[in-house]
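I have a structure I would like to understand better, so I am pasting it below and will then ask my questions one at a time.
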There are 6 protein chains.
Amino acid sequence: MRILIVNPNTTASMTEKAAIAARLVAATGTEIIAATSRMGPVSIEGHYDGALAIPGLLTELKERAGTYDAAVIACFDDTGLEAARSFADVPVLGLCESAVATAGFLAQRFTVVTTLERSRVLIDNLVRRYGMGERAKVRASDIPVLELEDEASGAIGKLRAEIERALSEDGAEAIVLGCAGMTDLARELQEIYGVPVVDGVAAAVKQAEALVSLGLSTSKRGSYASPLAKPFSGAMSAFAPMRAAG
Amino acid sequence: MRILIVNPNTTASMTEKAAIAARLVAATGTEIIAATSRMGPVSIEGHYDGALAIPGLLTELKERAGTYDAAVIACFDDTGLEAARSFADVPVLGLCESAVATAGFLAQRFTVVTTLERSRVLIDNLVRRYGMGERAKVRASDIPVLELEDEASGAIGKLRAEIERALSEDGAEAIVLGCAGMTDLARELQEIYGVPVVDGVAAAVKQAEALVSLGLSTSKRGSYASPLAKPFSGAMSAFAPMRAAG
Amino acid sequence: MRILIVNPNTTASMTEKAAIAARLVAATGTEIIAATSRMGPVSIEGHYDGALAIPGLLTELKERAGTYDAAVIACFDDTGLEAARSFADVPVLGLCESAVATAGFLAQRFTVVTTLERSRVLIDNLVRRYGMGERAKVRASDIPVLELEDEASGAIGKLRAEIERALSEDGAEAIVLGCAGMTDLARELQEIYGVPVVDGVAAAVKQAEALVSLGLSTSKRGSYASPLAKPFSGAMSAFAPMRAAG
Amino acid sequence: MRILIVNPNTTASMTEKAAIAARLVAATGTEIIAATSRMGPVSIEGHYDGALAIPGLLTELKERAGTYDAAVIACFDDTGLEAARSFADVPVLGLCESAVATAGFLAQRFTVVTTLERSRVLIDNLVRRYGMGERAKVRASDIPVLELEDEASGAIGKLRAEIERALSEDGAEAIVLGCAGMTDLARELQEIYGVPVVDGVAAAVKQAEALVSLGLSTSKRGSYASPLAKPFSGAMSAFAPMRAAG
Amino acid sequence: MRILIVNPNTTASMTEKAAIAARLVAATGTEIIAATSRMGPVSIEGHYDGALAIPGLLTELKERAGTYDAAVIACFDDTGLEAARSFADVPVLGLCESAVATAGFLAQRFTVVTTLERSRVLIDNLVRRYGMGERAKVRASDIPVLELEDEASGAIGKLRAEIERALSEDGAEAIVLGCAGMTDLARELQEIYGVPVVDGVAAAVKQAEALVSLGLSTSKRGSYASPLAKPFSGAMSAFAPMRAAG
Amino acid sequence: MRILIVNPNTTASMTEKAAIAARLVAATGTEIIAATSRMGPVSIEGHYDGALAIPGLLTELKERAGTYDAAVIACFDDTGLEAARSFADVPVLGLCESAVATAGFLAQRFTVVTTLERSRVLIDNLVRRYGMGERAKVRASDIPVLELEDEASGAIGKLRAEIERALSEDGAEAIVLGCAGMTDLARELQEIYGVPVVDGVAAAVKQAEALVSLGLSTSKRGSYASPLAKPFSGAMSAFAPMRAAG
C-alpha cells in the first residue's frame with residue numbers, strides 16, 4: 001500500500017521530518033511517499049495561512065491521483081481536510097483528527113499542546129467538532145512553527161513547560177503534540193513524562209493503513225460527495241472537475 | 001459608510017442579485033460596492049468548491065483594501081470567513097452567521113432551508129459552531145445553486161415544499177433562506193407563510209452597518225490575529241503578507 | 001424609526017445614561033425614546049428584583065404601544081424579554097442577547113464582565129441559552145449596580161481589574177460589559193485594552209434598527225405567540241389581554 | 001412538616017386538584033396547605049401569562065412566611081421558581097424540575113406531554129437547563145389549560161393520543177405529565193400504558209419532604225442569595241426587602 | 001416500607017455507617033435493611049474494583065428479592081446501578097445520581113468532592129450523564145477510601161481543604177460529598193461552611209421513599225427491560241434469569 | 001504482534017466468527033488469538049447480561065497476561081472496557097469505540113444499527129460519551145443476538161430494512177454494524193448500499209495494531225490507573241490485585 005503524505009506548507013525540512021516519522025511506524029508493505037506543496041506559505045499559522053495552503057495541497061493530491069491508496073495532510077490544523085476528502089476517492093487523514101481519536105483510546109482526559117495562541121482556538125474548535133471537547137484541553141506554548149526546525153531556538157523548553165502545566169493543572173492523562181513539526185519529539189517526551197504522547201503524523205499513517213486494510217473509503221453520499229462538474233475560472237481554472245473527480 | 005459585498009463564486013448575476021438586496025435594506029449613507037470573484041468555481045456546492053473560492057475572495061478583499069468600511073461574503077457557506085477576518089482590519093460578515101443570529105432575535109426554534117444535500121451538513125456544522133445547534137434545523141431542498149438563477153427551473157416550488165415541511169414537522173417559528181441566490185425571495189415567502197423569513201445578504205449588510213456604527217472591528221488578539229509576515233511561494237506568492245496585513 | 005428604550009429599574013439616571021449611549025450610535029432618522037419603569041426595584045440584582053421589575057417594564061411597553069417601531073430592555077439580565085416579545089408586535093431586544101451576538105462577529109472567545117456574583121450565574125445561563133456557552137466566560141467584579149452611578153465608588157477600578165484577569169486568564173479576545181450602567185465606559189476601555197469592548201445598550205439599538213429595516217419582527221408562531229384573551233385578577237387585572245395583544 | 005402549595009394562576013379548582021394530589025402522596029406528619037394566587041391570569045399559557053403570575057405567587061409566599069417548611073409552585077412552567085428561591089429561606093420546588101429529576105431515576109429516555117404549542121419550547125428550554133435535554137423530548141397536545149378542568153372537553157383523548165405517539169415514535173420509556181391540571185390522571189394513565197407516568201405535583205411534594213427531612217435548603221451563596229435591601233416603587237413597593245428577605 | 005441498602009464493597013463498618021445515616025433521615029414507617037456484599041473488593045477505587053463488585057451487589061439484591069420495596073447502592077460510583085435497575089422490579093437508587101439531583105434543587109452551581117484522582121473522572125462522567133455537567137465540578141481530595149474509616153488518618157483535613165478550594169475557586173454554591181464513607185460528615189460540614197452539603201446515602205434514601213410513595217418504579221420498556229431468560233455458565237450460572245427476573 | 005480477541009459472552013460460534021473477521025484484516029505479522037469467556041451469559045442483551053459478563057472477560061485477560069500485545073473485547077456494548085483498561089498494561093479496544101472513531105474518518109453523519117431496543121439506548125449513551133452524539137444516530141432492528149447465528153432467522157432482512165431507513169430518513173452517509181455477530185455481513189452490505197459499512201471487530205483489530213505499532217498504551221495516570229493492591233473476598237477473591245496488576 002502507498003500512502004501519500006502531503007505537507008501543505010512549503011518547508012521541505014518539515015516534510016522530511018514527517019516522512020521519517022511515518023516510515024518509523026509504517027507496516028511492512030506500506031510505502032510512504034512524501035510531497036511538499038509548491039505554492040503557499042512556508043508555515044501555517046492561523047486561518048489566513050491555512051486557507052491559502054489549500055490549492056497547493058489539492059494540487060499535490062490531484063497530480064499524483066491514482067498513485068496512492070490513502071493520503072495524510074501533514075499539518076495539525078487539518079488544513080483542507082474536508083475539501084481533500086470531497087476530491088479524493090481514497091481515504092484522507094488529518095493529523096488532529098487522527099491524534100485525538102488515538103488519544104481517546106488511551107485516556108479519558110488529555111491535553112493538546114500546540115504552537116501559537118492564534119492556532120489554539122482553531123484547534124480547540126476542531127477538537128470540539130471531532131467530539132472531544134469535553135475530554136481534551138488545548139494549550140499554546142508560544143512557539144512559532146519554524147522554531148521547531150531550529151534546535152537552538154529554545155522551543156523544546158517551552159513545549160516541555162507547557163506539557164508540565166497540562167499534567168499538573170489539567171489532570172491530563174495523555175499528551176497530544178499539536179504541530180507536525182513536533183513529530184520527532186513524541187517518543188522522548190513519552191519517556192520523560194511517563195504518559196502516552198501522541199504524534200499526529202504517526203497516528204494518521206496508522207489510520208490510513210487501517211482504512212485501506214478494511215476496504216473503507218470516504219463516503220460519497222452527502223457531505224463529501226465528489227465535486228460536481230462545473231467551470232472554474234482564472235488562476236483556479238485547473239481545478240475544475242471534469243466529471244466527478246477522483 | 002462603504003460596504004463591500006464579495007461574491008466568492010464567479011457568477012455575476014448572483015452578485016447583482018445580492019447587491020440589489022443589499023441596497024434595499026442599506027441605511028441612508030451606506031454605499032454598497034459589489035465585487036465578483038475572478039477566479040474559482042461558478043457556484044459553491046460543497047467543500048471542494050468552497051476551498052477553491054477563497055483565493056478569489058481574498059483577492060477582491062485585498063485589491064480593494066482601504067476603500068470599504070466593512071465586507072460581506074455573499075455565500076451562505078461563510079466561505080473563507082475566518083481567513084478574511086484574519087486578513088482584514090475592518091469587520092467581515094458571513095451570511096449564515098448573520099442570518100442565524102438575526103433569526104435568534106425573532107424565534108426560539110427555526111429552520112434553515114438550503115440547496116443541495118452536500119451543503120446541508122456543512123451548514124449544520126456552521127449553525128452548531130455559531131451556537132444555534134439546539135435551536136435550528138437545516139434542510140436541503142435538492143436545488144442546484146444555479147437553478148435559482150433560472151425562473152423556469154422549478155426551484156421555487158421545491159423550496160416552498162421544504163419550507164412547508166419545516167413548518168409542519170420541525171415546529172419552525174421562522175425560516176432562514178440558506179443560499180445567497182434566494183435573497184430575492186424572502187419578502188414574498190414571509191408574506192405567504194406569515195412567519196419571519198430571514199435572508200442572509202440583507203442580514204449581513206445590517207450587521208456590517210451595526211459594527212461600523214458601533215466602532216467595533218474584528219479582534220486582533222488570538223484567533224483572528226493578523227497574518228504574520230512570511231514568504232508565500234508559487235501561484236500563491238501574491239498573498240504573502242508584508243507585515244501585519246490590512 | 002422610533003426605538004423605545006425601557007429601563008426596567010426605576011433609577012432615572014441609568015435611563016438617561018442608556019439614552020445617551022443609544023443616541024450616540026443611532027442612525028440618521030432613528031429617534032430614541034427613553035422610559036423609566038414606574039414600579040419595581042431601583043436596581044436589578046438577582047432573580048427576585050428581576051421578576052418584580054417585569055410588570056413595570058410591560059406597563060411602559062403597553063402604554064406606549066403604537067408609538068415605537070422596536071423596543072430595547074435596558075438591563076443586561078434581559079429582564080422580561082420573553083414576556084415582552086410575546087406581548088409586543090414589534091421587535092424587542094435584550095442587552096445580553098444583542099451584545100453576545102455582536103461579540104460573536106468579532107471574536108471566537110470572549111468574556112462578559114458583570115457586577116455582582118448573584119448576577120454571574122444568571123447571565124452565564126443566558127449566555128448558554130443564546131448558544132455562546134462554549135465561547136464566552138462570565139465574570140463578576142463585585143460592584144453593586146448603583147455604584148456605577150457614583151464616580152467616587154471605585155467601581156471602575158474593580159471593573160478594570162476584572163477585565164485584566166479576563167485577558168490574561170481566559171484568553172478573551174473581546175470584552176462584553178455586562179451591565180447597562182457600564183454603557184458609558186465602553187469606548188474608553190476599548191482604547192485602553194486594544195480589544196473590542198461591546199456595550200449592550202448600543203448593540204441592542206443597532207439590532208433593533210436592523211430588524212426594523214429588514215421588515216422582520218418576532219414570530220407569532222410558537223414560543224412568542226400573542227397572549228390569549230383571558231381574565232387577570234387583582235393588582236394585575238390591567239394586564240389582561242383583550243384579544244391577541246399588541 | 002408543613003408544605004405550602006401555591007397555585008400561581010387564580011383558578012381555585014386547579015389548586016384544589018393539586019392539593020388532593022399532594023395529600024394522596026404526603027407522608028404521615030406532612031400537612032399540605034394550599035393557596036391560590038389572588039392576582040394575575042386565570043391560567044398560565046406562555047411567557048406573558050407566566051411573568052405576570054409572579055407577583056401573585058410571591059405575595060402568597062411572603063404573607064405566609066414562617067408558616068411553612070417548604071413550598072411547591074403548582075405550575076409546570078416553574079413560574080417564578082428562581083425568584084421564589086431567592087426570596088424564601090425554606091426549600092422551593094417546581095413541578096417541571098421535580099418531575100424530570102424523578103423520571104430520570106426510572107428511565108433513560110422519556111417524553112413530557114404538555115398542553116399548548118406555546119408552552120412546548122418554554123418547557124423544552126427548562127428541560128435542557130435541568131440537564132435532561134439529551135434524554136427527554138417535549139410534546140404539545142393542543143389542549144388549552146382550562147379544558148383540563150372540563151371533563152366534556154375531549155382533552156383526555158388528545159392527551160392519550162400524544163402519549164401514544166411518544167411511545168411509538170420517541171422510544172419513550174416513561175411519560176411526564178406537563179401541566180399541573182393533569183395531576184389527577186397520572187395513575188390511570190400509568191395503568192393503561194404500563195410505563196411510569198410522573199405527575200409534577202406529587203413529585204414536587206416528595207422532593208419538598210425529602211429536602212426538609214435532610215435538613216437542606218436553598219443555598220444563599222451565589223445565584224439564590226437573599227434579595228438586597230433596597231427601595232421598590234409604585235405598585236411593587238410592598239415587595240421591597242427590608243433586609244435579607246425570608 | 002422497607003429500603004434495602006447494599007454496600008457493594010465488603011467493608012462492614014462502611015455499611016454500618018451508611019445504615020446509621022439512612023435511619024437518621026428515614027420517614028416514620030420506613031425500615032432500613034443493610035447488607036454488605038460478600039464477594040469482591042474491600043473498597044471501590046476505580047473501574048476494576050467497581051466492575052468486580054457487581055456480582056456481589058446483585059447477589060444481595062437477588063437473595064433478598066421480595067423483602068424490600070426499594071434499594072440503594074451505597075457507593076458514590078453508582079456501581080452496577082444500570083444492571084440492578086434491569087434486574088429489580090422495585091426502584092433502585094444510586095448515591096451520585098440522587099445527590100446531584102438533590103443538589104440541583106438547592107444551587108445552580110456546585111462541586112462534588114470525592115476521594116482519589118482515579119475516581120474523579122469516573123464520577124465526572126456520571127455527573128455529565130446525569131445532565132449536571134454544566135453545573136457541577138468534581139474534585140479529588142487524595143483520600144484512599146478506607147482512610148475515611150480511620151479518624152487518625154488526616155482524611156478530614158484533606159476533605160476540608162478541598163471544600164475550601166471549591167468555594168473559593170469554583171463559585172460552588174453547594175457541596176456534594178462524593179463517597180459513601182463521608183456520610184457522617186455532612187451535617188458538621190454544612191454548619192462550618194454555611195452552604196448546603198449533600199450526602200448521597202441520605203439523599204438516595206429519600207428518593208427511594210419518594211418513588212415508593214408515588215407508586216413509581218423503573219420502566220421495564222427499553223433500557224431497563226428485565227433480563228431475558230438465557231443460560232449463564234460457569235461461576236456466573238447462578239445469575240441466569242429464569243424468566244423475566246424480579 | 002499478538003492480538004487477543006475475547007468474546008465476553010460464552011457462545012463459541014460468535015468467537016469464531018470474530019476471529020475470522022479479525023484474521024481477514026490483520027496485517028502480516030499479526031497473530032490473532034481468540035478466547036471465549038467461560039463464565040457468564042450466552043449472549044449480551046442489556047445491562048444485566050453485560051455486567052455479569054465482566055468477570056469472565058477479565059479472567060481471560062488475566063490468565064493470558066503476558067501472551068498478547070493488545071486485546072479486543074468482542075461485544076459492541078464495550079462490555080467491561082474501562083475495567084479491562086485499568087487491569088491491562090497493554091492497549092484494550094472496544095468495538096463500539098473503534099467503529100465510531102473509524103466511521104468518523106469517512107462520514108460526517110452516520111447511523112449505528114444494532115439488535116434489540118434494550119441495547120439501543122445503551123449504545124447511544126456510549127456514542128455520546130465517545131463524542132459522536134451530534135454525528136451518529138443509533139437504531140435497533142429487533143434482532144435477538146443469537147438469531148444472527150441462524151441463517152434461517154430472517155435477521156438479515158430486518159437488518160437491511162433498518163439500514164434502508166437509516167439511509168432514507170437519517171441522512172446517514174455511512175453505516176456502523178452494532179453487534180459483533182454482524183461482522184461477517186459488512187462487506188456484502190457495503191456493496192449493496194454503496195456507502196461505507198463499518199464492522200467493529202475489524203475496526204478494533206486495526207486500532208489495536210496501530211497502538212502497538214505506535215508504542216502507545218493506556219495511560220496509567222488518572223482514570224485507568226492500575227488497581228490498587230487490596231483484598232477481594234468470596235467468589236471474587238481470585239481477582240485481588242497483588243500489586244499494581246498487569
Side-chain angles (χ1 to χ4, degrees), chain D residues 25-30 82 85 91-94 97-98 100-110 128-135 167 171-174 186-187 190 193-199 202-203 205-211 213-225, chain E residues 25-30 82 85 91-94 97-98 100-110 128-135 167 171-174 186-187 190 193-199 202-203 205-211 213-225:
Chain D
V25 299
T28 312
T30 296
E82 291 166 321
R85 282 194 176 141
V92 184
L93 281 303
E97 191 176 11
S98 300
V100 301
T102 299
F105 297 124
L106 305 169
Q108 290 272 354
R109 298 289 183 271
F110 56 93
R128 289 170 199 242
R129 188 143 56 82
Y130 299 152
M132 293 290 177
E134 297 196 340
R135 294 169 62 186
L167 295 173
E173 301 170 359
R187 290 197 182 224
Q190 180 163 302
Y193 293 109
V195 296
V197 175
V198 181
D199 159 47
V205 166
K206 299 313 287 184
Q207 295 298 347
E209 287 182 344
L211 294 178
S213 298
L214 292 166
L216 292 168
S217 187
T218 305
S219 178
K220 290 296 163 178
R221 187 174 201 271
S223 309
Y224 298 129
Chain E
V25 299
T28 313
T30 296
E82 291 166 321
R85 282 196 176 140
V92 184
L93 280 301
E97 190 177 12
S98 300
V100 300
T102 298
F105 296 124
L106 305 169
Q108 291 272 354
R109 299 289 182 271
F110 56 93
R128 289 170 198 242
R129 187 143 55 82
Y130 299 152
M132 295 290 178
E134 298 196 339
R135 295 171 61 186
L167 294 173
E173 302 171 358
R187 291 196 181 222
Q190 180 163 300
Y193 293 110
V195 296
V197 175
V198 181
D199 159 48
V205 166
K206 300 311 287 183
Q207 295 297 348
E209 287 182 346
L211 294 178
S213 297
L214 293 167
L216 292 168
S217 187
T218 306
S219 178
K220 289 298 163 180
R221 188 173 198 270
S223 308
Y224 299 129

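Proteins come first, then strands; the chains are lettered A, B, ... in the order of their sequence lines, and each starts at number 1. Scope of the values below: all heavy atoms of this structure, side chains included, with no hydrogens, waters or symmetry mates.
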#### Entry: Contact class of D/Val205 relative to chain E, heavy atoms under 4.5 angstrom
neither
#### Entry: Step-by-step side chain to side chain contact (heavy atoms under 4.5 Å, CB included) determination, D/Glu173 to E/Lys220
CA-CA 8 Å; D/Glu173 301 170 359; E/Lys220 289 298 163 180; over 6 Å; no
## Note on the structure
Under 4.5 Å to a heavy atom of chain E? For D/Ser213 that would be both
### Query
Which bit of D/Glu82 is near chain E, if near means a heavy-atom gap under 4.5 Å: side chain, backbone, both or neither?
side chain
### Message
Report which part of E/Arg129 has an atom under 4.5 Å of a heavy atom belonging to chain D: side chain, backbone, both, or neither.
### Response
both
### Set of side chain to side chain contact (heavy atoms under 4.5 Å, CB included) partners for E/Ala26, sequence neighbours left out
E/Thr30, E/Ile32, E/Glu209
### Query
Which value, rounded to the nearest 0.5 Å, describes the distance between D/Lys206 atom NZ and D/Leu211 atom CG?
12.5 Å
### Task
Sort D/Leu214 into side chain, backbone, both or neither according to what part of it lies under 4.5 angstrom from a heavy atom of chain E.
both
### Query
Between D/Ser217 and chain E, which part of the residue has a heavy atom less than 4.5 Å away: side chain, backbone, both or neither?
backbone
### Task
Measure the CZ-OG distance between E/Phe110 and D/Ser223 for me, rounded to the nearest 0.5 Å.
11.5 Å
### Task
Heavy-atom distances under 4.5 Å only: say whether D/Ala27 touches chain E with side chain, backbone, both or neither.
neither
### Task
Tell me, please, which residues at least two apart from E/Arg221 pass side-chain hydrogen bond (donor to acceptor under 3.5 Å, both in side chains).
none
